[in-house]
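Notes to accompany the following structure.
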Amino acid sequence: MKSFAFHRPQSVPDAVALLRGNGSAKLLAGGQSLLPVMKLDLAEPSDLVTLAGIPELRGIRAEGDALVIGALVTHDEVASSAEVRQRLPGLASLAAGIGDAQVRNRGTLGGSLAHADPAADYPAAVLALGATVITERRQIAADDYFTGLFQTALEPDEIITGVSFPVPECSAYAKFAHRASKFAVVGVMVARTAGGVRVAVTGAGGKAFRVPALETALAARFSADAVDAGAVSPDGLQSDGEASAEFRAHLVTVMARRAVQACS
Ligand SMILES: Cc1cc2nc3c(=O)[nH]c(=O)nc-3n(C[C@H](O)[C@H](O)[C@H](O)COP(=O)(O)OP(=O)(O)OC[C@H]3O[C@@H](n4cnc5c(N)ncnc54)[C@H](O)[C@@H]3O)c2cc1C
């Protein structure tokens with residue numbers, strides 16, 4: 001690992017000022033994605049800007065019909081929050097299934113969404129729940145946020161401050177996990193609201209995506225039996241040593257059925 005300057009700003013504007021005009025500065029949240037990449041010399045930031053000294057990025061609060069979760073809230077805090085468990089049980093169980101205890105104790109919601117790993121769990125929740133990613137300068141709708149493999153709509157000096165999750169009638173997440181890392185080989189989040197059903201898949205492609213045919217089938221009849229009518233094609237899905245595209249397409253159907261069954 002190369003040497004770097006370390007900064008601990010006390011406010012979001014100070015953190016933005018440290019990033020601005022310095023293309024090789026990087027934010028540090030839980031370090032669970034960035035530090036492994038730095039150890040492999042795949043990232044060599046000149047400056048690390050930790051968010052740890054900025055209290056406004058922490059906390060979970062109700063705002064109208066939504067829960068707003070701060071960018072620095074850890075996966076374990078999401079999983080164990082009484083409010084999240086009661087109002088967004090699908091999100092709480094998703095967070096409880098991320099990695100291992102160390103990853104859940106250090107890794108954060110904002111870090112996961114900024115990193116945008118195609119096999120990460122939160123992207124499925126953000127898309128299925130129709131969440132809004134809040135930064136220090138704007139609000140980004142879930143459907144506009146993930147732009148490609150490890151790519152998002154964020155500007156290089158933009159900081160996620162939190163995510164607003166509308167509370168649905170029900171939500172559930174089912175994952176076929178990689179046996180070692182627990183990343184999603186395929187994960188499916190289902191959310192039912194008065195306005196319809198949203199279904200999002202992670203792990204199967206270059207980025208998380210919604211499944212319109214499945215959403216239509218489930219809006220007409222919200223039942224595990226209806227899932228087959230929205231089966232996805234393997235064309236364009238990820239194929240690797242863990243699972244072929246055909247197996248992943250099959251897993252989408254199986255995980256969607258489980259998520260619908262758990263959605264009550
Ligand atoms: C062994 C292992 C297993 C894992 N298993 C899973 C799993 O099963 N499911 C899963 O979803 N993930 C998994 N992860 C990833 C984990 O969830 C990471 O915590 C997460 O992806 C990154 O969050 P972080 O807070 O650690 O971010 P960091 O590593 O600190 O940062 C990641 C990136 O985000 C940027 N960043 C951080 N915070 C912000 C912000 N607020 N605004 C803008 N940019 C920001 C950083 O500059 C960096 O580029 C695993 C990781 C490990 C090491």
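Atoms considered below: every heavy atom in the structure, side chains included; atoms not considered: hydrogens, waters and symmetry mates. Atoms within a ligand are numbered from 1 in the order they appear, just like the ligands themselves. Counting begins at 1 with the first residue of the sequence.
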Distance under 4.0 Å to a non-hydrogen atom of [X]: what atoms of ligand 1 satisfy this?
X	answer
A120	10 (C), 11 (O)
S33	15 (C), 18 (C), 20 (C), 21 (O), 22 (C), 26 (O), 29 (O)
A114	34 (O), 35 (C), 36 (N), 43 (C), 44 (N), 45 (C)
E158	43 (C)
K175	8 (O)
S112	20 (C), 21 (O), 22 (C), 23 (O)
A71	41 (N)
S181	3 (C), 4 (C), 5 (N), 8 (O)

With respect to [X], determine whether any N or O atom, backbone or side chain, lies less than 3.5 Å from an N or O atom of ligand 1.
X	answer
G30	yes
K182	yes
D100	no

statement: Judged by heavy atoms only, the candidate from K26, Q32, R106, M38 nearest atom 26 (O) of ligand 1 is Q32
- request: May I ask which of L51, V49, I160 has a heavy atom nearer to atom 39 (C) of ligand 1 than the others do?
  value: L51
field: Heavy-atom closest contact (E155 atom, R138 atom, distance)
entry: N-NH2, 4.2 Å
query: Hey, are S46 and S24 close enough side-chain-wise for a donor-acceptor pair under 3.5 Å?
result: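 Looking only at side-chain atoms, S46 and S24 do form a donor-acceptor pair, the distance falling under 3.5 Å.
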- prompt: Between V103 and ligand 1, which residue portion shows a heavy-atom distance shorter than 4.0 Å: side chain, backbone, both, or neither?
  reply: side chain
For the pair [X] and [Y], find out whether any cationic side-chain nitrogen is under 4.0 Å from an anionic carboxylate oxygen.
X	Y	value
K2	E44	yes
D121	K175	yes
D225	R257	no

Side-chain touch T253/V188, heavy atoms, less than 4.5 angstrom: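 A side-chain contact under 4.5 Å is absent here.
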[X] side chain vs [Y] backbone, donor-acceptor pair below 3.5 Å:
X	Y	value
N105	A101	yes
R104	G99	yes
T216	P212	yes
D228	A231	no
R61	L67	no

task: Take D14 and R8, measure what salt bridge (Lys or Arg N to Asp or Glu O under 4.0 Å) needs, and give me the verdict at the end.
output: CA-CA 9 Å; D14 286 352; R8 189 182 163 95; over 6 Å; no
What protein heavy atom lies closest to [atom]? Include the residue and the distance to one decimal.
atom	answer
atom 14 (N) of ligand 1	F183 CZ, 3.2 Å
atom 9 (N) of ligand 1	D121 OD2, 2.7 Å
atom 17 (O) of ligand 1	H75 NE2, 2.9 Å
atom 7 (C) of ligand 1	G99 N, 3.4 Å
atom 28 (P) of ligand 1	G31 N, 3.4 Å
atom 38 (N) of ligand 1	A29 CB, 3.5 Å
atom 31 (O) of ligand 1	L34 CB, 4.0 Å
atom 46 (C) of ligand 1	L27 O, 3.0 Å

query: Considering residues at least two apart in sequence or located in another chain, which fulfil the side-chain hydrogen bond (donor to acceptor under 3.5 Å, both in side chains) criterion with S181?
result: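 Here no residue qualifies.
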query: So which residues get pulled into F150's cluster when ILVMFWY side chains under 4.5 Å apart are joined, directly or through others?
result: L149
task: Work out whether the distance between some heavy atom of D117 and some atom of ligand 1 is less than 4.0 Å.
output: no
